[in-house]
Amino acid sequence: MTAFGATLRRELLLGLRTPADIINPLFFFVVVVSLFPLALSPAPDTLRLIAPGVVWVAALLAVMLSLDSLFRRDEECGALEQLLVAPGELYLPVLARLLAHWLLTGLPLVLVAPLLGYMMQLPVTVLDTLWQSLLLGTPALTVIGAIGAALTVSIRRGGILLALLVLPLYVPVLVFGAGCVGRALDGMATGSVLAVLAAMTMLAVSLGPFAVALGLRISSGD
């Protein structure tokens with residue numbers, strides 16, 4: 001746990017020293033959602049109908065935007081190689097990096113999502129479900145994306161390959177996340193769908209760091 005705390009603190013400090021890495025995904029999220037009322041009909045009924053899918057797809061793309069640099073900085077400065085040759089398992093250090101990344105990039109998306117949902121004419125009663133679904137789903141997006149980032153960390157400009165690797169794996173989270181908000185919009189119960197999202201995130205957090213560590217070793221040739 002000492003290694004976990006030290007790695008988490010280090011990653012948070014490094015992230016705060018490069019605010020562009022935090023602002024860019026959030027700015028992208030806000031801009032993408034804001035453009036839909038301009039591109040489509042501004043009619044409230046139309047916006048309300050597409051809002052769950054728009055917000056969730058924008059959040060997914062914003063998370064993907066931040067993934068390419070997840071391990072890139074450490075790979076360029078040699079810190080990643082030192083991590084791989086250090087004694088002990090990689091599970092806790094990798095888990096700490098993923099948690100720090102979500103706190104800096106995923107959590108701001110969750111916090112600003114209700115405002116964007118309100119802008120998309122979602123009823124106030126649905127906004128709770130919107131942020132709850134993102135709160136439960138975005139950690140899974142981060143962990144799944146980190147597996148692709150680990151496999152492509154040694155590839156220059158591997159963003160396209162990263163997208164090809166992780167987009168199919170994102171589909172279940174996207175379907176249940178947007179579907180949960182849609183059910184709330186229709187006045188249906190959402191507890192079961194939120195439970196599925198929570199189960200996906202727990203599974204990703206439990207097994208994902210092992211896959212990320214393996215992907216880093218594969219990329220480094222160890």
Side-chain angles (χ1 to χ4, degrees), residues 4 7-8 11 15 21-22 24-26 28-29 32 52-75 80 83 89-110 113 130-155 158-181 193-220:
F4 177 87
T7 303
L8 179 61
E11 292 299 315
D21 292 341
I22 304 173
N24 287 344
L26 182 61
F28 178 86
F29 180 53
V32 169
V54 168
V55 174
W56 257 93
V57 169
L60 184 153
L61 294 177
V63 170
M64 286 190 60
L65 182 66
S66 65
L67 288 175
D68 189 52
S69 61
L70 180 56
F71 301 108
R72 185 78 61 192
R73 178 177 52 204
D74 290 339
E75 195 270 340
L80 184 59
L83 176 65
E89 293 293 332
L90 291 177
Y91 182 88
L92 288 179
V94 168
L95 182 61
R97 286 168 182 262
L98 297 181
L99 176 58
H101 184 268
W102 180 80
L103 289 174
L104 294 172
T105 59
L107 185 58
L109 303 182
V110 176
L130 176 63
W131 77 263
Q132 288 172 10
S133 67
L134 287 170
L135 182 66
L136 293 174
T138 48
L141 297 181
T142 297
V143 175
I144 293 170
I147 299 173
L151 291 171
T152 59
V153 67
S154 60
I155 302 175
I160 299 299
L161 180 58
L162 173 61
L164 292 175
L165 288 173
V166 302
L167 275 177
L169 302 176
Y170 276 161
V171 172
V173 182
L174 177 64
V175 169
F176 281 97
C180 180
V181 183
V193 185
L194 289 173
V196 172
L197 279 175
M200 288 182 178
T201 293
M202 292 177 63
L203 182 63
V205 171
S206 299
L207 302 180
F210 290 112
V212 172
L214 181 60
L216 292 173
R217 293 192 184 279
I218 293 174
S219 296
S220 65

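Just the heavy atoms: all of them, side chains too, but no hydrogens, waters or symmetry mates, feed the values below.
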For the residue pair [X] and [Y], establish whether any side-chain heavy-atom pair is separated by less than 4.5 Å.
X: Ser133; Y: Leu194; answer: yes
X: Leu26; Y: Leu109; answer: yes
X: Thr152; Y: Leu165; answer: yes
X: Met200; Y: Leu136; answer: no
X: Leu60; Y: Leu167; answer: yes
X: Leu141; Y: Trp56; answer: yes
X: Ile218; Y: Leu214; answer: yes
X: Val173; Y: Ile144; answer: yes

Closest heavy-atom pair and its distance - [X], [Y]:
X: Ala58; Y: Phe28; answer: O-CE2, 4.3 Å
X: Leu67; Y: Ala146; answer: CD2-N, 4.1 Å
X: Ile22; Y: Gly15; answer: CD1-O, 3.6 Å
X: Thr105; Y: Asp21; answer: CG2-O, 3.8 Å
X: Thr201; Y: Pro139; answer: CG2-CB, 3.6 Å
X: Leu135; Y: Thr138; answer: O-OG1, 4.1 Å

Output a table of donor-acceptor pairs, distance under 3.5 Å, between side-chain atoms of residues 202-209 and any protein atom two or more places apart or on a different chain; print 'none' if there are none.
| residue | atom | partner | partner atom | Å |
| --- | --- | --- | --- | --- |
| Ser206 | OG | Met202 | O | 2.7 |

Can you tell me which residue among Leu98, Thr7, Leu8 is in a side chain to side chain contact (heavy atoms under 4.5 Å, CB included) with Pro93?
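Result for side chain to side chain contact (heavy atoms under 4.5 Å, CB included) with Pro93: Thr7.
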
Would you give the length of the straight line joining atom [atom1] of [X] to atom [atom2] of [Y], rounded to the nearest 0.5 angstrom?
X: Leu61; Y: Tyr170; atom1: CG; atom2: OH; result: 9.5 Å
X: Phe4; Y: Arg97; atom1: CZ; atom2: CZ; result: 12.5 Å
X: Leu95; Y: Phe210; atom1: CG; atom2: CZ; result: 9.5 Å

Are more than 12 heavy atoms, taken from residues, nucleotides or ligands other than Phe176, located less than 6.0 Å from that residue's CZ atom?
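No, CZ of Phe176 has 12 or fewer neighbouring heavy atoms, counting only those of other groups under 6.0 Å.
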
Determine whether Val181 and Val55 satisfy the following criterion, side-chain contact (heavy atoms from CB on, under 4.5 Å), listing intermediate values before the conclusion.
CA-CA 10 Å; Val181 183; Val55 174; over 6 Å; no

Thr142: which residues meet the side-chain hydrogen bond (donor to acceptor under 3.5 Å, both in side chains) condition with it, sequence neighbours left out?
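Result, side-chain hydrogen bond (donor to acceptor under 3.5 Å, both in side chains) vs Thr142: none returned.
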
